[in-house]
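Below is one structure, written out as structure tokens; comments come after it.
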Amino acid sequence: MSIIRLQGIRGGVGTTSLVAALAYELNRLGQRVLVVDHCPENMLRLHFERPFAESGGWAHAWKEQQDWREQAWELRSGLCLLPYGRVDAMTVGRLDHWLQDHPDEWPLRLAELTQSFDWILLDTPHHRLSGHCGSLRPDLDIQVLRPDAACHALLQGRETVRKLMINGYDPASRLQQDLLLLWRHQYGDRLLPLPVYQDEGMAESMAYKQPVGAHAVNSQAADTLRSLAIWCLSQQGGRHEG
Amino acid sequence: MATLPGTLQMNHEQRARDDLFLLRSKVGEWRHLDTSREEVLMAALRRWPLLAELEGLEPLPDTEAET
Amino acid sequence: MKANLFPYAALRQRGASRFTALWLACCHCLAWLVLRLEQPGWQQVRASRDVWFPQVAGRRPLPGDPLRYLIQGCWLLLVRPWPERSFSLTRNLFGKGQGVGRWLAARLAPLSRAWTRRIESVMEPERKAAWQRRISRGSTGIYAVLAVCALLLAALSVTQPFGPLAQLAFVILLWAMAMVVRKLPGRFPTLLLIVLSVLVSCRYLWWRYTSTLNWNDSLDLVLGMTLLIAETYSWLILILGYVQTCWPLRRQPTPLPEDTSLWPTVDLMIPTYNEPLSVVRTTVYAALGVDWPADKLNIYVLDDGRREAFREFAAEVGVGYITRTDNRHAKAGNLNHAFTLTDGELIAIFDCDHIPARTFLQLTVGGFLQDPKLALVQTPHHFLSPDPVERNLGVFRRSPNEGELFYGLVQDGNDMWNAAFFCGSCAVLRRTALEEVGGVAVETVTEDAHTALRMHRLGWNSAYMRIPQAAGLATESLSAHVGQRIRWARGMAQIFRIDNPLMGRGLTLFQRLCYANAMLHFLAGLPRLVFLLAPLAFLVLHAYIIYAPAALLVLYILPHMIHSSLTAARMQGKYRKTFWGEVYETVLAWYIARPTTVALIDPSKGSFNVTAKGGLMEEEQFDWRIARPYLALALLNILGLGFAVWRFMTGPVDQQGTVIVTSLWVFYNLLIIGAAVAIAAEARQVRQSHRVRFKLPASLKLASGHYYRGTLQDYSEGGVAVELPEALSLAEGTEVSVVLGRGEQDYSFPGVVAREDGSVIGIRFNEMSHQQMIDFVQCTFARADAWLDWLEQQEEERPLQSLVEVLRVGFRGYLCLYRFLPLWVRELFAPVLRLLRWVASYLPRWPKTQRFS
């Protein structure tokens, strides 16, 4: 089992849509995938045709003292979703404190699932809920960014080894071309092999409550994520051999 | 790789994005210096004052973005 | 069940008349009774009927169809084309004999590899020196004795007269040897094949000189001698060709030093005279993208047309623009004038329609740093559009053209002997070398070869890099194509006269031979005409031009032809199909015969003509002007056939064999002429700019913001075609952008939908800025791998198959001729043609190929 964590460098870079799309493509390649929503916004489920009114999820279960395992949905064969659940801001704060006090909680939870899934994808909030995004050691740690000046500034001085995934790239933009060129030069292998284009199909897919691969099969975004899913597989293969 | 779908697929006819890939496989000991890449990168850095500042470069006097 | 057994209704539906349907249904019924058509095997055959029986596919059923099925069925069972894609007649007919050959070949293969290695090691410079030392130390004697023995033996087998039986045994022995040797891998067996071929051909020529001339009749003697001289010329070209191409060098690029400050400065020159700006522009854009340090590369447009638009364009994109006041010595003068105004250490020259790839300089310049005496590096001229011959025959990219033999093999062979020469474009020259020979030669109309010859005379070296790094447009019309060849032929003949490579100082023996062959090659016009007319001398004039019994002639000439084509297939198989060379030569023969002869007599005569390119054929037409001599030749040969029939009926019995052999020759000539005529029928060309087929990932962006991943199918200067995973049904004129990537960068090009054909969308670009044009050219024409598929689509050579193909084209030539005849003539011939077509419809066909691919 491999864990992929996706986290936006800031809000609004499209992390949740990417998680949904990547999970969907991995599943289409015959992998057993679990997507876990760690964002209090609880949006990931909307990519998988769950009703907006539904309130279930692991955070909700924590508040109600229920079993988190019963909150998961099997969306299609081999693709499961564990939503965050609808909770108020107070509860989010308490939950974060509780998670900070129980750093082993999520590692233990995921360890239980080792046999059931090939991939676990975590949609992680960008803001500093350190309990929510702290204690896990993902196999593939990906930071999502947009090719704009703000992200470039935010990248400065952050010496990490996290992979960088570019979302919302417009090849007609001079600035974005230049940023991509610069990042390729500066970050090299840390950049994922392909940027995800600013594709209307991607935006529409959420409105259709589907991952982009299901809604717009032939779109560029779906194609890129298909390739990135294969790239993930190759990373996993490389790690196991190494 | 031939059975993989999408962008990573490479078949006999279709060329890779990297146009040196095939050439390298044909000629022996040879490397290519991408002189244009260096130039384009420098131009890109100087075009945008923020990028130039972050790289510690002086931007060009006319920093208008080309369209 | 009833419909299955008696498909009357189905046949009627497919358009059969009542009677035909009834008759076919009865036959069908009979077939069901006799054969077990319900079995899976038969079901499969029936399901793919259109594949196996192409002659009945997609048309209405006819009464003769049962017989067609029967013939095709038997033929399929005999030939069995399914396990392989292409068909080897010899293997089908002599399957077992080939088995023995292959067994022997497998046993001998290690030996041959060892020998090839050994020879290769001798060719290496250090080893060469070691060998020379060894030879000089004392084993000279042994080698000399061996060489003398071999020569004596060769002389014996060339000169020894044989009776028919002995000759038969001799040639069968040699043929068997050749058949075994040709299966062996490596270059050593090629050398063996050459030796065998030279032996057989020398023997043939010796025999022709010693025992086939009729000295008793002056007409016989004059005509016989004419033919014999023509044959001697062919023999000479054959032998020189062997020398030239026996060991192609396959030079690899020399890496440049890592420190770019050591790289030489380069002037990239683009001479132009009357070509439109649209042609020159692409070349300049590509030149601007060539990867070389910007401070060491200067690009110049040398405009002999002195056009204002060119000056403005050059200023806009920032390249140099050079003109002069007169146009003396055309291109050579233009270049020489530019040399005086520039100072780069190296000079790269591109004809204005040859688009360089971005890697061109880094692939070619390395050698100049390594070898201070290197004066020239030449790369192939590759054409992105079909030349008129290819276009009119419809064989573009399927059958190699003339250029592929020259740039694929001949230049590479020349390079082995340090005799690769300058071809006017796609080359890099050293300024000091050029200055030493006084600039580009102006005395002849092929200034390029002449310049290289002078450099070689002064001890400079040349190199040939067999990697296509530029591509251009081929000539448009047949007349322009012929005009270009006339110029080359005239120029080569001029050089042969005024600066003969066989004479003068400074050249090595092999350089002399290579240059001589290059020049003699263009004198092929007259001999070719002699071959086309020679059989008539016997049939019409009753001259014994080959004064020998027919059987003996066959025993001498057939081995000569078979061995030379076996050897050619082995050496040049990838670059030239056997017999096609004859077709190309025949097309030009008439036109180059006169100018070369004139140039040989008086080299200063003859004017310079510029090759016109980039035009457009408005409509399908028959170039009667070009075809006229060939029509005359065809008529003469047909007349000869008539005489042959008459001679066969009424002449003496002992001459019937000769008449048959001569008639076969006439037939062959007629078909070659037919192919030449087929070339004269110009195909229509409606494309504004030439589309280059090239598959590359590409994306399409719609105005709505949707992106689609697709595959680039082809591109031209003004647009592209992209195949998408689904049909989008975009209206014509819809605004879209195409995103192309090269290396790490993506470029977006805005345009409109020009046509939609299913999931393939044709896009015409909007007006683009200079920078966008440079980017586009860099993503397409100037990619490092843009032309690397050169020489790679060709299949393995099969002499018999290419003979069949030439014959088919020859036949098509006559059909073509018929199509362009006046209506009343066609009406006269219509019934005959219908009859022929009806008979032909029964002939077996090759199954449709998609089945195998």
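Per chain, numbering begins at 1; letters A, B, ... match sequence-line order. Side chains are part of it too, since the values below use all heavy atoms of this structure and drop only hydrogens, waters and symmetry mates. In this text the structure is predicted, and so the values were computed from the model without any measurement.
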- Which value, rounded to the nearest 0.5 Å, describes the distance between C:S704 atom OG and A:E204 atom CD? 7.0 Å
- Message: Return the CZ to CZ distance between A:R226 and C:R709, rounded to the nearest 0.5 Å.
- Response: 10.0 Å
Above 12 or not: heavy atoms from other molecules or residues under 6.0 Å from [atom1] of [X]?
X	atom1	value
C:E258	CD	no
A:M43	CE	no
C:E316	CD	yes
A:R32	CZ	yes
C:D259	CG	yes

- A:Q177 and C:D746: side chain to side chain contact (heavy atoms under 4.5 Å, CB included), yes or no, with the steps? CA-CA 7 Å; A:Q177 278 182 28; C:D746 291 296; 5.8 Å; no
- Message: Is C:S699 close to chain A through its backbone or its side chain, or both, or neither, when contacts mean heavy atoms under 4.5 Å?
- Response: both
- Could you walk me through whether A:D170 and C:K701 pass the side chain to side chain contact (heavy atoms under 4.5 Å, CB included) check? CA-CA 10 Å; A:D170 175 8; C:K701 185 192 182 189; 4.2 Å; yes
- Item | Residue pair A:T224 / C:Y707, side-chain heavy-atom distance below 4.5 Å | no
